[in-house]
Amino acid sequence: MDYLESLNPQQQQAVVAGTGPVLVLAGPGSGKTRVLTHRIAYLVGGLGVHPYHIVAVTFTNKAAREMEARLQNLLGEQQRGLTVGTFHAVCGRILRREAEHLPFDSNYVIFDADDQLRIVKQVLQELDLDEKRYRPQSVHASISRAKNDLIFVDDFPVQTYRDEVVKRVYTRYQQILLASNALDFDDMLLWTVLLMEDQPAVRERYARRFEHLLVDEFQDTNVAQYALLRHLSSFHRNIFVVGDVDQSIYRWRGADYRNVLRFEQDFPDAQVILLEQNYRSTQNILDTAMAVIDRNPHRTPKKLFTRRGRGQKIVVRELYDDREMASYVVHRIAEDVATGAAQPGDFAVMYRTNAQSRLLEEAFLAAGLPYKLVGAQRFYGRREIRDLIAYLRLVHNPRDEVSLTRVINVPRRGIGNKTLLTLQELARSLGVSPGGLLLRWGGGETPPIGEALSARAAASLLSFGEMLAAWHQAKDALPPLELMDRILADTRYREYLDDGTEEGQERWDNVMELRRLAGEYHDRGLVDFLEDVALISDQDTYDEDANVPTLLTLHAAKGLEFPVVFIVGLNDGTLPHFRSFDDEEAMQEERRLLYVGITRAKDRLYLLYALNKSTYGYPEPAEPSRYLDDIPPELVEGARSTVTRKQDLSPRRTAPVRLEAQFRPGMRVRHPHWGEGMVLNSTVDADDEVVDVFFEDVGLKRLVASLARLTVLR
DNA sequence: ATAAAGTGACTTTTT
DNA sequence: GTCACTTTAT
């Protein structure tokens with residue numbers, strides 16, 4: 001088999017690069033996944049490396065699955081034994097196997113973002129700290145950042161009083177995790193690195209095993225991940241990383257693109273290979289992307305080029321507000337589909353924040369067009385889904401106090417706050433976890449209740465304990481699906497949800513969806529089910545086979561491509577996001593985010609901004625994104641004479657009728673964005689006034705008077 | 001103990 | 001406008 005077939009010279013060079021460190025700097029659409037998979041195929045099929053000795057690490061399950069699928073095509077059964085997975089999944093496997101060296105056992109559960117926040121809140125309450133002064137999110141972010149930087153509790157530096165508070169919360173937070181036999185996302189990396197450092201023999205075993213280490217999206221690694229890679233490659237030094245600093249968009253999660261520079265320092269003998277040829281987009285799209293990203297300082301400029309030709313110009317368009325924007329998108333899609341110019345699945349709509357999806361969804365719904373939204377939170381964040389996962393987690397690991405607290409009174413079974421508190425105290429006095437106590441109680445042991453509990457409360461607890469004990473006993477014999485069915489039946493969960501409303505039905509449908517998912521784990525079992533559910537990412541929910549338009553955040557778009565891309569809400573404050581305004585590094589990342597979005601487009605690109613945006617309900621005038629100014633007009637369709645006009649797409653909204661012209665040729669006017677200009681012409685339309693204005697700075701514009709917020713100057 | 005009604009705070013991005 | 005959390009009434 002020829003592993004170099006259909007690869008360009010740079011790709012080939014990367015695929016057959018000799019042993020030792022290799023750094024591949026790969027622009028968007030340059031075929032980096034091809035390079036990674038062909039490299040592995042070459043190692044196994046060409047050099048005869050056993051797959052057992054190869055590990056490939058990605059950031060999302062989707063990327064891992066895609067790599068596996070492509071390897072299956074290239075290698076067939078020869079690929080068996082390969083380790084391909086996300087950082088967290090690979091660490092998870094190592095931690096379960098090596099649990100004897102660690103302060104938790106191999107049945108540990110993974111606490112997700114919501115659980116983590118709950119614990120922080122609980123701790124803040126315990127320590128009698130004011131949640132207004134110490135916002136749980138922000139305290140948690142500090143803890144997470146420390147962990148990503150490999151700073152353990154004892155080493156947490158204290159310079160301010162706030163640091164001191166965070167350290168106290170961090171300490172207690174960590175105690176609770178361990179008492180619950182639980183890890184958060186950051187712990188998975190942190191404990192693995194700690195394991196490698198504290199147990200040289202273990203490190204040696206893995207370092208010897210992994211002869212070849214391959215890493216995707218290397219620019220998104222954080223300190224902990226980089227440390228882990230160094231440990232795992234410490235014996236063979238065959239570390240092959242692929243990345244693009246211009247696509248680094250996870251700084252807020254601890255990612256540091258400077259790891260790419262660090263790599264070159266730490267491995268001075270590294271081969272560096274540049275992939276610049278783009279196989280995805282037209283040259284106009286690439287030029288747009290470069291115009292945006294070139295403004296970032298301290299970059300090694302890359303020249304993205306394609307053989308696909310210039311293609312169509314990009315569309316930059318102003319819409320009245322977010323609603324009109326959504327409506328415009330839907331109508332454009334409907335039109336292209338109707339004329340046969342494109343298929344529904346060709347389109348993607350991208351935005352900066354999740355909240356922006358709502359109006360888009362409404363517009364699709366109103367038009368009766370199916371669409372798909374990428375985002376796991378949507379599903380896994382739902383109350384009913386979290387409840388059921390909490391039940392399963394509790395059965396799997398009764399020490400999980402977060403889950404116990406969540407479900408002990410759902411559906412209502414007469415166990416209120418007071419009773420729960422008494423249970424917790426009782427458990428503490430006996431030196432067991434509350435879940436453990438209930439389990440034993442339900443299994444026949446009677447705890448020394450004394451006067452602490454009323455007879456009714458005790459009966460409620462006992463009956464819950466009995467259910468828990470029965471499930472716990474059955475869990476090893478039952479596949480996840482059957483266990484879930486049993487829980488649903490015993491708790492009468494459906495009756496609890498079904499309140500006769502549409503919402504109740506929807507919730508039950510969600511439960512059925514989770515049930516379907518559980519069914520896929522018949523052979524792998526509960527542990528894998530719970531782990532996968534905890535580590536699922538938004539990007540993992542992208543379904544390329546659906547042939548419907550895709551709605552997704554710019555972050556979730558990384559690694560994907562679409563024939564037609566709409567980027568909506570290109571307004572200052574949204575992109576760049578206002579929270580980044582006072583942080584230079586963050587602002588550079590906003591720019592990279594737009595760059596990532598633009599480079600997803602193969603053929604057509606729409607950049608849309610609103611004249612008015614609404615910040616939680618209330619509309620206010622908005623500025624176009626500053627990044628739009630960086631795009632050369634010759635790349636933009638009709639750039640010289642933008643018609644600024646409210647789209648007459650929703651018949652419900654009609655502009656106020658105006659009979660007389662307000663503006664006359666020769667008048668001097670001011671526009672909030674375009675500055676001062678002179679009116680050249682004005683005509684009264686059926687329901688509005690259309691004014692042509694020549695602006696000093698931007699030239700001729702056609703404006704609708706009722707929307708353009710023009711003021712007349714003397 | 002629970003349901004209903006009221007409050008305030010908040011939205012980047014997510015393994 | 002939406003959510004989570006708190007207060008209030010039963």
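Just so it is clear: chains get the letters A, B, ... in the order the sequence lines come, proteins before strands, and each one is counted from 1. Basis for what follows: all heavy atoms, side chains included, without hydrogens, waters or symmetry-related copies.
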From NZ of A/K613 across to C1' of B/dT11 the rounded distance in Å is 12 Å
Check whether any side-chain N or O of A/R412 sits under 4.0 Å from OP1 or OP2 of B/dA3, and answer yes or no.
yes
Contact class for A/R135 (heavy atom, under 4.0 Å): base, sugar-phosphate, or nothing? sugar-phosphate
Regarding A/I536, tell me which of base, sugar-phosphate or nothing describes its non-hydrogen contacts under 4.0 Å with the strands shown.
sugar-phosphate
Rounded to whole Å, the OH-P distance (A/Y250 to B/dT13) equals 11 Å
CE of A/M467 to OG1 of A/T491, rounded to nearest 0.5 Å, is 6.5 Å
Here the distance between atom P of C/dG1 and atom CD of A/Q356, to the nearest Å, is 17 Å
#### Entry: A/N354 vs B/dT11: side-chain N/O to OP1/OP2 distance below 4.0 Å
no
To the nearest angstrom, the CZ-P distance between A/R579 and B/dC10 comes to 9 Å
Note: for A/T553 and A/N417 on DNA chain B, the residue whose nearest nucleotide lies more 5' is A/N417
- Query: Is it true that A/R507 and A/E384 have a side-chain N and a carboxylate O under 4.0 angstrom from each other?
  - Reply: yes
Report yes if the side chains of A/D630 and A/R591 come closer than 4.5 Å at any heavy-atom pair, otherwise no.
yes
Here the distance between atom C1' of B/dG8 and atom CG of A/D130, to the nearest Å, is 14 Å
Lys/Arg N to Asp/Glu carboxylate O, A/R592 vs A/E589, below 4.0 Å:
yes
Quiz item: Reckon A/K121 touches a base, only the sugar-phosphate, or nothing at all at heavy-atom distances under 4.0 Å?
Solution: sugar-phosphate
Can you check ring-ring contact (aromatic ring centres under 6.0 Å, His included) on A/Y542 and A/F562, steps first, answer last?
CA-CA 12 Å; A/Y542 170 59; A/F562 302 89; 5.7 Å; yes
Practice task
Indicate, with a heavy-atom threshold strictly under 4.0 Å, whether A/F185 touches base, sugar-phosphate, or nothing.
Solution key: base
Nearest-nucleotide check on DNA chain C, A/R358 vs A/G381; residue mapping nearer the 5' end is A/R358
Can you tell me if the side-chain N/O atoms of A/T353 get under 4.0 Å from OP1 or OP2 in B/dT11? no
Between CZ of A/R145 and P of B/dT13 the distance, given in whole Å, is 17 Å
Comparing nearest nucleotides in DNA chain B, the 5'-proximal residue of the pair A/A457, A/K132 is A/A457
For B/dT13, the nucleotide meeting Watson-Crick or G-U wobble distances (both under 3.5 Å) is none
In whole angstroms, the gap separating P of C/dG1 from CZ of A/R323 amounts to 8 Å
Query raised in the report: With a centroid cutoff of 5.5 Å and a plane-angle limit of 30°, would you call A/W252 stacked on B/dT13?
Result: yes
Item to check | Sugar-phosphate only, base, or nothing, as touched by A/D112 at under 4.0 Å among non-hydrogen atoms | outcome: nothing
Inset, instruction - Looking at every strand, decide which applies to A/T60 at a 4.0 Å heavy-atom threshold: base, sugar-phosphate, or nothing. - result: nothing
Margin query: For a quick check of understanding: with a heavy-atom distance under 4.0 Å over all strands, which category does A/N409 fall into, base, sugar-phosphate or nothing?
Written below: sugar-phosphate
In A/F87, A/F59, A/F263, the residue satisfying ring-ring contact (aromatic ring centres under 6.0 Å, His included) with A/F218 is A/F263
Students often get this wrong, so: under 4.0 angstrom with heavy atoms, is A/A355 touching a base, only sugar-phosphate, or nothing? base
Between NZ of A/K558 and P of B/dT15 the distance, given in whole Å, is 12 Å
